[in-house]
**Q** 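I'd like to ask some things about the structure below.
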Amino acid sequence: MASPGIFANRYEVVREIASGGMATVYLARDSKLNRLVALKVLSDALSADPAFVERFRLEAQAAANLNNPNIVAIYDWGQEHGTYFIVMEYVDGETLRHRLDTQRTIPPTQAADIAAEVAAGLAYADKHGVVHRDVKPGNVLITPGGQVKVTDFGIARAHGASDGLTKTGAVMGTATYFSPEQAQGLPVDGRSDVYSLGVVLYEMLTGTTPFKGDGPVAVAYKHVREPAEMPTQVNPAIPPQLERIVMTCLAKKPEERYQSADEVRADLLRFRRGQSLAGPMTAQVASVADPTIAMAPAAAGGLAADDEIPQKKRNPWLWLVAGLLAALLIGGLILLLTQLGGGGGGSIDPKNVVGMQVADATRTLEGQGLKVKVTNKPNADKPAGVVVSQDPSHGTKVDKGSTVDLVVSAGVGNVTIPDVSGDDFATAQDTLVGAGFKVTQQTETSATVPKGVVTRTAPPAGSKVGKGSAVTVFVSGGPAQVTIPDVTRVDAVQATQILVQKGFQVTKTTQNSSTVPAGLVISTNPPAGTSAAPGSTVQLIVSDGPAQLQVPNVVGMTQTAATNALTNLGLNVTVVQVPSQPQNNGLVISQSPTGGTSVNRGATVQITVGTGQSSTTTSSTT
């Protein structure tokens, strides 16, 4: 049994990081690999519940094989101290939940970057058959360098796996963020994680979640039945394309969403590059862009929706009537719009296209019968390709065929990456962020650059890239570690050659040994199998053979006194009795080896003891 605070004889608890209803997470040190880890320990109460133990075990299994930079790695799992634990990668940073609690909203471009990295992790898990099912800000970690990692696959499971962890009709996840199908206890796939990611992105942009209620049941009902309020109604500064991504993620029906997290990530990257989106457009988003798009014939004619008409009562005449009514209504709308516009050639109010991609803006205005003139100008606030202003603006009446001048962002232009090699990471980060770059950190080994010092950047210093681009700063982790070979019971000269060839400095010290012959290596310090930097010193402990003792002179002592004197020094004693003069009765007459002789500990000394009378010689061993 490990001592308190230590798990599996290697994970030593340092301090508590976080605590929840299911488990407590500690910062711990892995003594074998000498690294910090996160130790997740199931609560004592839940450790007695087989269902929760199984859920905890599934977390380890679900995530252990997911090797992706956007997923927190799982290293180990076990049972100890009457509970269960998981050992995970320690991420030194903050949760997205903490960031939202402190600054409420996140700028659109930064929110898109965070969501894109979350999508990358979810897409990787989905490709390996794992659905997270609990995507929320508390399960998104952000490092000081800006890297994003998804954690806590505690309720994840493989596609198609049966869920024996809940009672019939129960759901798993966090009500604020789970999908309509989760709310209804239906089977889920990667599209359920897409919906939850949409809720998270919605919160980053608006500072609130799309659905709130008095309790989980009320929130679940809204996920299933109520449409989400458009993000721009909460925060008008949200770019239209990013709003479209959010609302596509939040489609009630899985088949109307992005079909994978990969698709979400691709559109988020298109948004960041100022390109047109490729993903689907939901009816709610389309209706905001043009209210006539989402109008259904049944609604226009006042007929019941399809699911309200029993199948057996439908007939072709009903559909014909519905079509005629729809055509009449659409014709009436066109006539009304024409009259309001001032007649056949009439005035047109150009739609507001500011914030749209230039291609989308052009199609919108040309669809109104207007011409478009585009002028590209540098702009530090808008991505390249986004409309910055229009003239005439929305709300101004112009004649059909008039020209609308669009000023379109040409981006911020290229910026030279400064040389930060030789700086510590904090200094390099300040320099690069001040120059307008996003910074991520990566460690690499170096035999020439001291540990903690910047070795290089990618793209390299001197490169010209767009302002706001990501720059990876490589920091030296020191020389690559080398494993100390096992040279025990190897001749000291040969052992020295082996270690020198590995790049180590070698020192020697001797030690008596009764088991290792003289001249051979007993052990090394640090021990064999551990890792050390090249050029570091390894000490050889070389055998000097058994310890030598000087045999005392016991001639003239009584047999008992002589025996005690020799055995107390670690020597064995053999006694030979011989006839002697009466005065030598019971006394040592001679010994072998003689007093003053050096022998190994454990050697045998023979003492000859007089009997004081003539008799047959006898011997005994002590």
**Q** Less than 4.0 Å between a side-chain N and a carboxylate O, is that true for E181 and R257?
**A**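 Yes, this pair counts.
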**Q** Any side-chain heavy atom of M204 sitting closer than 4.5 Å to one from L96?
**A**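 SC-SC contact between M204 and L96 confirmed.
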**Q** State, with a plain yes or no, whether a side-chain heavy atom of D405 is found less than 4.5 Å away from one of T375.
**A**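 Side-chain contact under 4.5 Å: no.
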**Q** Kindly give the heavy-atom pair with the smallest separation between P392 and T403, and that separation in Å.
**A**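 Shortest heavy-atom contact: CD-O, 3.7 Å.
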**Q** Keeping the roles fixed (side chain from E256, backbone from K252), state whether a donor-acceptor pair exists under 3.5 Å.
**A**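 No, because the side chain of E256 does not come within donor-acceptor range (under 3.5 Å) of the backbone of K252.
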**Q** Does any N or O in the side chain of T206 come within less than 3.5 Å of the main-chain N or O of N235, such that one atom is a donor and the other an acceptor?
**A**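 No, the answer is negative, given that no donor and acceptor are paired below the 3.5 Å cut-off.
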**Q** Restricting to non-hydrogen atoms, name the atom on I17 and the atom on Y90 that form the minimum distance, rounded to 0.1 Å.
**A**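 Where I17 meets Y90 most closely, the heavy atoms are CD1-CE1, 3.9 Å.
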**Q** Return yes if some donor-acceptor pair links the side-chain N/O of K149 with the main-chain N/O of P69 below 3.5 Å, else return no.
**A**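 Confirmed, K149 side chain pairs with P69 backbone.
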**Q** Is it true that atom CG of N67 has more than 12 heavy atoms of other residues, nucleotides or ligands lying nearer than 6.0 Å?
**A**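 It does not: N67 CG has 12 such atoms or fewer within range.
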**Q** Is there a side-chain contact between H128 and L66 (heavy atoms, below 4.5 Å)?
**A**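 A side-chain contact under 4.5 Å exists here.
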**Q** Under the 3.5 angstrom rule, does the side chain of E243 hit a backbone N or O of T232 as a donor-acceptor pair?
**A**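 A pair under 3.5 Å: yes.
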**Q** Do the non-hydrogen side-chain atoms of P350 and V398 ever get within less than 4.5 Å of each other?
**A**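 Yes. Closest side-chain heavy atoms under 4.5 Å.
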**Q** Considering all heavy atoms of both residues, which atom of G395 and which atom of D349 are nearest to each other, and what is their separation?
**A**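 Closest heavy-atom pair between G395 and D349: N-OD1, 2.6 Å.
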**Q** When you measure from the side chain of N70 to the backbone of V148, do you find a donor-acceptor pair of N or O atoms at a distance under 3.5 Å?
**A**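 Pair found, side chain donor or acceptor close to backbone of V148.
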**Q** Quick one: do R244 and L277 satisfy side-chain contact (heavy atoms from CB on, under 4.5 Å)? Show the steps, please.
**A** CA-CA 9 Å; R244 171 178 161 182; L277 304 184; 3.7 Å; yes
**Q** If you compare all heavy atoms of T105 against all heavy atoms of G207, which two are closest, and at what distance to 0.1 Å?
**A**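 Nearest pair, atom of T105 first, then G207: CG2-N, 3.4 Å.
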**Q** Report yes if some heavy atom in the side chain of Q390 is under 4.5 Å from a heavy atom in the side chain of N352; otherwise report no.
**A**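 Side-chain contact under 4.5 Å: yes.
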**Q** Between C249 and V264, does the side-chain contact (heavy atoms from CB on, under 4.5 Å) criterion hold? Intermediate values first, please.
**A** CA-CA 8 Å; C249 290; V264 181; 4.1 Å; yes
**Q** Output the distance between atom CG (L268) and atom CG (L201), rounded to the nearest 0.5 Å.
**A**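 Rounded to the nearest 0.5 Å, the CG-CG separation comes out at 6.5 Å.
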**Q** Does V473 reach the side chain of Q429, with side-chain heavy atoms less than 4.5 Å apart?
**A**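 Answer no - side chains too far apart.
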**Q** Enter the distance from R191:CZ to K253:NZ here, rounded to the nearest 0.5 Å.
**A**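 Separation between the atoms: 12.5 Å.
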**Q** Is there a donor-acceptor contact under 3.5 Å linking the side chains of Q182 and S192?
**A**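 Note: Q182 and S192 side chains meet the donor-acceptor criterion.
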**Q** Give me the atom names and distance for the closest heavy-atom approach of A361 to V387.
**A**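 Minimum heavy-atom contact is CB-CG2, 3.7 Å.
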**Q** Test D360 against R363 for salt bridge (charged side-chain N to carboxylate O under 4.0 Å, His left out), laying out the working first.
**A** CA-CA 5 Å; D360 295 335; R363 281 194 296 268; 2.3 Å; yes
**Q** What's the separation between atom CD in E89 and atom CD1 in I71, rounded to the nearest 0.5 Å?
**A**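 One finds 10.5 Å between CD of E89 and CD1 of I71.
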**Q** From R272 CZ over to D113 CG, what is the distance, rounded to the nearest 0.5 angstrom?
**A**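 One gets 4.5 Å once the value is rounded to the nearest 0.5 Å.
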**Q** Count the heavy atoms of every other residue, nucleotide or ligand shown that sit under 6.0 Å from CZ of R273, and state whether that count exceeds 12.
**A**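 Counting neighbours around CZ of R273, more than 12 heavy atoms of other residues, nucleotides or ligands fall under 6.0 Å, so yes.
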**Q** Sequence neighbours left out, cut at 3.5 Å: what donor-acceptor pairs do the side chains of residues 451-459 make with other protein atoms?
**A**
unit_1	atom_1	unit_2	atom_2	d
T455	OG1	E444	OE2	2.5
T455	OG1	F474	O	3.2
R456	NE	E444	OE1	3.3
R456	NE	E444	OE2	3.2
R456	NH2	E444	OE1	3.1
T457	OG1	P459	O	2.9
T457	OG1	A461	N	3.4

**Q** With rounding to the nearest 0.5 Å, note down the distance linking CD1 in I417 to OG1 in T431.
**A**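 Spacing of CD1 (I417) from OG1 (T431) equals 13.0 Å.
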**Q** I'd like to know if R97 and E203 make a salt bridge, using a cut-off of under 4.0 Å between side-chain N and carboxylate O.
**A**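 Answer for the salt bridge query: yes.
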**Q** Between D152 and K40 (salt bridge meaning N to carboxylate O under 4.0 Å), is one present in this structure?
**A**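 Salt bridge between D152 and K40, a charged N being under 4.0 Å from a carboxylate O: yes.
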**Q** Side chains of P231 and M247: does their closest heavy-atom pair fall under 4.5 Å?
**A**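 Yes - at least one pair of side-chain heavy atoms lies under 4.5 Å apart.
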**Q** Is N139 reaching over with its side chain to a backbone N or O of D134, donor-acceptor style, under 3.5 angstrom?
**A**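 Checked: pair present.
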**Q** Do side-chain atoms of E263 reach the backbone of Q259 as a donor and acceptor pair under 3.5 angstrom?
**A**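 Side chain of E263 to backbone of Q259: a pair is present.
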**Q** Measure the acute angle between the ring planes of H223 and Y195, then classify it against the limits of 30° and 60° as parallel, tilted or perpendicular.
**A**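 It falls in the perpendicular class, over 60°.
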**Q** Hey, what do you get for CG (L42) to CD1 (I86), rounding to the nearest 0.5 Å?
**A**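 Between L42 CG and I86 CD1, I get 8.5 Å after rounding to 0.5 Å.
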**Q** Looking at residues at least two apart in the chain, or sitting in another chain, which of them share a side-chain contact (heavy atoms from CB on, under 4.5 Å) with V37?
**A**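 Expected list: Y11, A28, D30, R35, Y75, V87.
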**Q** For residues D267 and Y258, is any side-chain donor paired with an opposing acceptor at under 3.5 Å?
**A**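 Yes, side-chain donor-acceptor contact under 3.5 Å.
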**Q** Heavy-atom distance under 4.5 Å between the side chains of V194 and S260, does that happen here?
**A**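 Side-chain contact under 4.5 Å: no.
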**Q** So which atom in H132 and which in T151 form the shortest heavy-atom distance, rounded to 0.1 Å?
**A**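 Heavy-atom minimum between the residues: NE2-O, 2.9 Å.
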**Q** For the backbone of V449 and the side chain of S476, can you confirm whether one donor and one acceptor N or O come within less than 3.5 Å of each other?
**A**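 Flag set: sc S476 to bb V449 pair under 3.5 Å.
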**Q** Taking side chain to side chain donor-acceptor pair (under 3.5 Å) as the test, write out the residues that go with K464, two or more places apart.
**A**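 K464: side chain to side chain donor-acceptor pair (under 3.5 Å) contacts with T416.
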**Q** Output, in order, the C-alpha distance, side-chain angles, deciding distance and verdict of side-chain contact (heavy atoms from CB on, under 4.5 Å) for Y177 and V200.
**A** CA-CA 7 Å; Y177 302 93; V200 172; 4.0 Å; yes
**Q** Apply the test side-chain contact (heavy atoms from CB on, under 4.5 Å) to residues V199 and F211: give CA-CA distance (whole Å), side-chain angles for both, the deciding distance (0.1 Å), then the verdict.
**A** CA-CA 9 Å; V199 179; F211 302 111; over 6 Å; no
**Q** Looking at V386, L406, V408, T364, which one forms a side chain to side chain contact (heavy atoms under 4.5 Å, CB included) with M356?
**A**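 In the set V386, L406, V408, T364, the residue that makes a side chain to side chain contact (heavy atoms under 4.5 Å, CB included) with M356 is T364.
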